[in-house]
S.K.: 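I have a structure I would like to understand better, so I am pasting it below and will then ask my questions one at a time.
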Amino acid sequence: MDDRVKSQTCNILQFIHITGKLKDTQRTGWVENGVCEPESVADHMYRMAVMTMLITNKEGLNKERCMKLAIVHDLAEAIVGDVSPSQGISDEEKHRQEKDAITKMTSLLPKEIGLEICQLYEEYEARQTNEAKFVKDLDMFDMIAQAHEYEKKEQRKGDLQTFFNSTAGKFQHPEVKEWVQELYKEREGDNAIS
């Protein structure tokens, strides 16, 4: 193995180790709300990626691109952590920190792969494509689905309402809206049971 190939392999391994930190990075919102055993950022990204496969795709979304967006959207949190609104960091500063982290991480990769990850990150942040808008809906849906699951698991009926409030009226994709309605019905039924 020549030195160039060996160096590239070492850099890819370093990238893999950095992304592995997402497995241990707990989602801040759950920690701040006293959830026992909160999910990791990697857990969140995994379920979002799975959800991209569940859409019936009547709108002609590029499902592969959606899956990639779901996998990349929180990648920078391996370096910057999961920043929550309660930490007082502006959206602009959060974006700057995350962009710097993505740039640092992707500099370890072969140029074409690093460029694709950077473009996916920027596409998600800009939310101008149908795929990015859909994946943002999945991001919000996963959060409220997880909130409901924690309420049930920890017997905290309605205790995580702020997560539902933060997404109310923001969903755009018709099928995700159906999922949201069904989740609300399920939650109402669970909360009605004493």
Side-chain angles (χ1 to χ4, degrees), residues 1 3-32 35-55 61-87 89-129 131-147 149-150 163:
M1 184 182 310
D3 287 343
R4 186 183 57 77
V5 172
K6 184 177 180 183
S7 175
Q8 185 175 27
T9 301
C10 289
N11 284 346
I12 289 172
L13 185 58
Q14 187 178 353
F15 177 85
I16 291 167
H17 288 317
I18 292 169
T19 60
K21 293 178 182 177
L22 294 168
K23 294 180 183 183
D24 298 320
T25 304
Q26 295 177 329
R27 301 257 293 163
T28 305
W30 307 132
V31 173
E32 292 173 345
V35 169
C36 298
E37 300 178 26
E39 70 174 337
S40 71
V41 174
D43 295 329
H44 164 65
M45 292 165 62
Y46 171 77
R47 182 156 70 174
M48 282 181 61
V50 170
M51 285 191 290
T52 66
M53 298 180 350
L54 305 178
I55 205 75
L61 294 171
N62 179 329
K63 284 181 147 185
E64 180 181 344
R65 187 153 195 90
C66 291
M67 186 178 297
K68 288 179 177 183
L69 287 164
I71 291 168
V72 167
H73 89 285
D74 280 343
L75 201 58
E77 293 181 13
I79 292 177
V80 300
D82 184 25
V83 177
S84 82
S86 69
Q87 294 169 322
I89 296 173
S90 70
D91 288 342
E92 295 78 17
E93 177 59 17
K94 179 178 184 260
H95 179 72
R96 187 198 64 74
Q97 289 179 15
E98 290 180 348
K99 185 164 176 53
D100 288 350
I102 287 287
T103 301
K104 179 180 178 180
M105 293 170 71
T106 57
S107 71
L108 298 167
L109 300 172
K111 190 173 184 173
E112 64 280 357
I113 297 170
L115 182 60
E116 179 184 21
I117 290 173
C118 285
Q119 288 172 340
L120 288 163
Y121 168 78
E122 288 297 336
E123 179 179 346
Y124 178 78
E125 288 294 308
R127 289 188 194 79
Q128 293 179 341
T129 65
E131 285 79 6
K133 291 173 187 175
F134 167 66
V135 173
K136 179 57 181 176
D137 272 10
L138 294 182
D139 187 29
M140 294 186 297
F141 179 78
D142 181 63
M143 181 180 70
I144 62 173
Q146 189 65 59
E149 291 163 9
Y150 286 141
F163 292 93

S.K.: Are the side chain of His95 and the backbone N or O of Glu92 linked by a donor-acceptor pair below 3.5 Å?
M.R.: no
S.K.: Closest approach of Ser40 and Leu22, non-hydrogen atoms and distance?
M.R.: CB-O, 3.4 Å
S.K.: Counting only heavy atoms from other residues, nucleotides and ligands, does the tally under 6.0 Å from CD of Glu64 exceed 12?
M.R.: no
S.K.: Can you confirm whether the side chains of Gln146 and Arg47 place a donor and an acceptor under 3.5 Å from each other?
M.R.: yes
S.K.: Flag the pair Tyr124 / Val135 as yes when at least one side-chain heavy-atom distance between them is below 4.5 Å, and no otherwise.
M.R.: yes
S.K.: If every non-hydrogen atom of Met105 is compared with every non-hydrogen atom of Thr19, which pair is closest and at what distance?
M.R.: CE-CG2, 3.7 Å
S.K.: Indicate yes or no: at least one non-hydrogen side-chain atom of Glu123 is less than 4.5 angstrom from one of Val72.
M.R.: no
S.K.: What distance do Met67 atom CE and Met53 atom CE have between them, rounded to the nearest 0.5 Å?
M.R.: 5.0 Å
S.K.: To the nearest 0.5 Å, what is the distance between CG (Leu138) and CD1 (Ile55)?
M.R.: 7.0 Å
S.K.: Which heavy atom of Glu77 sits nearest a heavy atom of Val41, and at what distance?
M.R.: OE1-CG2, 3.3 Å
S.K.: Strictly distance-based, threshold 3.5 Å: is any side-chain N or O of Asn11 a donor or acceptor partner for the main-chain N or O of Gln8?
M.R.: no
S.K.: So, taking the atom named NZ in Lys68 and the one named NZ in Lys63, what distance separates them when rounded to the nearest 0.5 Å?
M.R.: 15.5 Å
S.K.: Taking NZ, NE, NH1 and NH2 as the nitrogens, is one of them in Asp139 or Lys136 under 4.0 Å from a carboxylate oxygen of the other?
M.R.: yes
S.K.: Just wondering, do Ile18 and Ile79 contact through their side chains at under 4.5 Å, heavy atoms?
M.R.: yes
S.K.: Taking all atoms of both residues into account, what is the closest heavy-atom pair of Arg127 and Ala132, and its distance?
M.R.: CA-CB, 3.8 Å
S.K.: Would you indicate whether the side-chain heavy atoms of His44 and His73 approach each other to under 4.5 Å?
M.R.: yes
S.K.: If you round to the nearest 0.5 Å, how far is CD of Gln128 from CD of Glu122?
M.R.: 10.5 Å
S.K.: Answer yes or no: is there a side-chain heavy-atom contact under 4.5 Å between Leu108 and Ile12?
M.R.: no
S.K.: How long is the span from the CD1 atom in Ile113 to the CZ atom in Phe15, to the nearest 0.5 Å?
M.R.: 9.0 Å
S.K.: What pair of heavy atoms forms the shortest contact from Trp30 to Pro38, and how long is it?
M.R.: CB-CB, 3.5 Å
S.K.: Answer whether the closest heavy-atom distance between the side chains of Asp142 and Glu39 falls below 4.5 Å.
M.R.: yes
S.K.: Distance-only, no hydrogens or angles: does the Glu131 side chain make a donor-acceptor pair with backbone N or O of Asn62 under 3.5 Å?
M.R.: yes
S.K.: To the nearest 0.5 Å, what is the distance between CZ on Arg65 and CG on Leu120?
M.R.: 5.0 Å
S.K.: Given salt bridge (Lys or Arg N to Asp or Glu O under 4.0 Å), test Glu125 with Lys99 step by step and report yes or no.
M.R.: CA-CA 10 Å; Glu125 288 294 308; Lys99 185 164 176 53; over 6 Å; no
S.K.: Looking at every non-hydrogen atom in both residues, tell me the closest pair between Val80 and Ala101 and how far apart they are.
M.R.: CG1-CB, 4.0 Å
S.K.: Between the side chain of Gln87 and the main-chain N/O of Ser84, is any donor-acceptor distance below 3.5 Å?
M.R.: yes
S.K.: Is Thr28 reaching over with its side chain to a backbone N or O of Asp82, donor-acceptor style, under 3.5 angstrom?
M.R.: yes
S.K.: Asp100: which residues meet the side chain to side chain donor-acceptor pair (under 3.5 Å) condition with it, sequence neighbours left out?
M.R.: Arg96
